[in-house]
Amino acid sequence: VELDYYVHEFEKNGWNGGLNWYRVMDANWYATPQLAGAHVQQPTGVCIGTDDVVMKMSGGVDAVKAALEETCEGRCEVTIVEGVGHWIQQEAAMEVNNLLLAFLGKHRALFDTHVSKL
């Protein structure tokens, strides 16, 4: 059923939406020079599947963890999920949902503070 949904959507809309992110990578880089070397200030959570090809192309779990720790100034919680790939939210939906809820619960006070200022 899920596969049928994705087939239908890609047949209806094509691949442009998914590919446009890659098409504008260089343009995004040149449009945001002020972000070069910037670090993420807020708490960050990342879920990575052990079979994620992008993670493997990026040097593996240890290299990705090290890069995230540097970029997020040590405020990144990395969770490795065994046996899933790049589409982790589809391959391990319940586990990802539980991780998101736990992360949001852990940092709720921070989010409540920012929301109340809006």
Nearest 0.5 Å please: distance from the [atom1] atom of [X] over to the [atom2] atom of [Y].
X     : Y     : atom1 : atom2 : answer
Arg75 : His39 : CZ    : NE2   : 13.5 Å
Met55 : Asp62 : CE    : CG    : 10.0 Å
Arg23 : Asn28 : CZ    : CG    : 13.5 Å
Asp51 : Glu82 : CG    : CD    : 8.0 Å
Glu9  : Asp4  : CD    : CG    : 12.0 Å
Thr50 : Ile80 : OG1   : CD1   : 8.0 Å

### Sidechain N-carboxylate O distance under 4.0 Å for Glu77, Lys106
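The answer is yes: the pair qualifies as a salt bridge.
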### Query
Are the side chain of Glu91 and the backbone of Gly85 linked by a donor-acceptor contact shorter than 3.5 Å?
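Yes: the side chain of Glu91 pairs with the backbone of Gly85.
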### Task
Output yes when a side-chain donor or acceptor of Asp52 lies under 3.5 Å from a complementary backbone atom of Ile48, and no otherwise.
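Side chain of Asp52 to backbone of Ile48: no pair is present.
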State, to 0.1 Å, how close [X] and [Y] come at their nearest heavy-atom pair, and which atoms those are.
X     : Y     : value
Val81 : Ala92 : CG1-CB, 4.3 Å
Val96 : Gln89 : CG2-CA, 4.1 Å
Ser58 : Ala63 : O-CB, 3.7 Å

### Task
Evaluate the side-chain proximity of Gln41 to Glu73: yes if any heavy-atom separation is below 4.5 Å, no if none is.
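When only atoms from C-beta onward are counted, Gln41 and Glu73 do touch, with a gap below 4.5 Å.
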### Message
Assigning hydrophobic clusters by single linkage (Ile, Leu, Val, Met, Phe, Trp, Tyr; side-chain heavy-atom cutoff under 4.5 Å), is Val84 placed with Met94?
### Response
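No; Met94 is not reachable from Val84 via cluster members.
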### Query
Taking the hydrophobic residues Ile, Leu, Val, Met, Phe, Trp and Tyr, and joining any pair whose side-chain heavy atoms are under 4.5 Å apart, which ones share a cluster with Trp29?
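Tyr30, listed by chain and number.
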### Message
Show every ring pair (Phe, Tyr, Trp, His ring centres under 6.0 Å) that has at least one partner inside residues 86-105, sequence neighbours left out.
### Response
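Non-adjacent pairs meeting ring pair (Phe, Tyr, Trp, His ring centres under 6.0 Å): Phe103-His107.
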### Task
Check the surroundings of atom CD in Glu69: do more than 12 heavy atoms from other residues, nucleotides or ligands lie under 6.0 Å from it?
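Atom CD in Glu69 is packed in, count exceeds 12.
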### Query
For Cys76, which of Val40, Thr71, Val46 qualifies under side-chain contact (heavy atoms from CB on, under 4.5 Å)?
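The option that passes is Val46.
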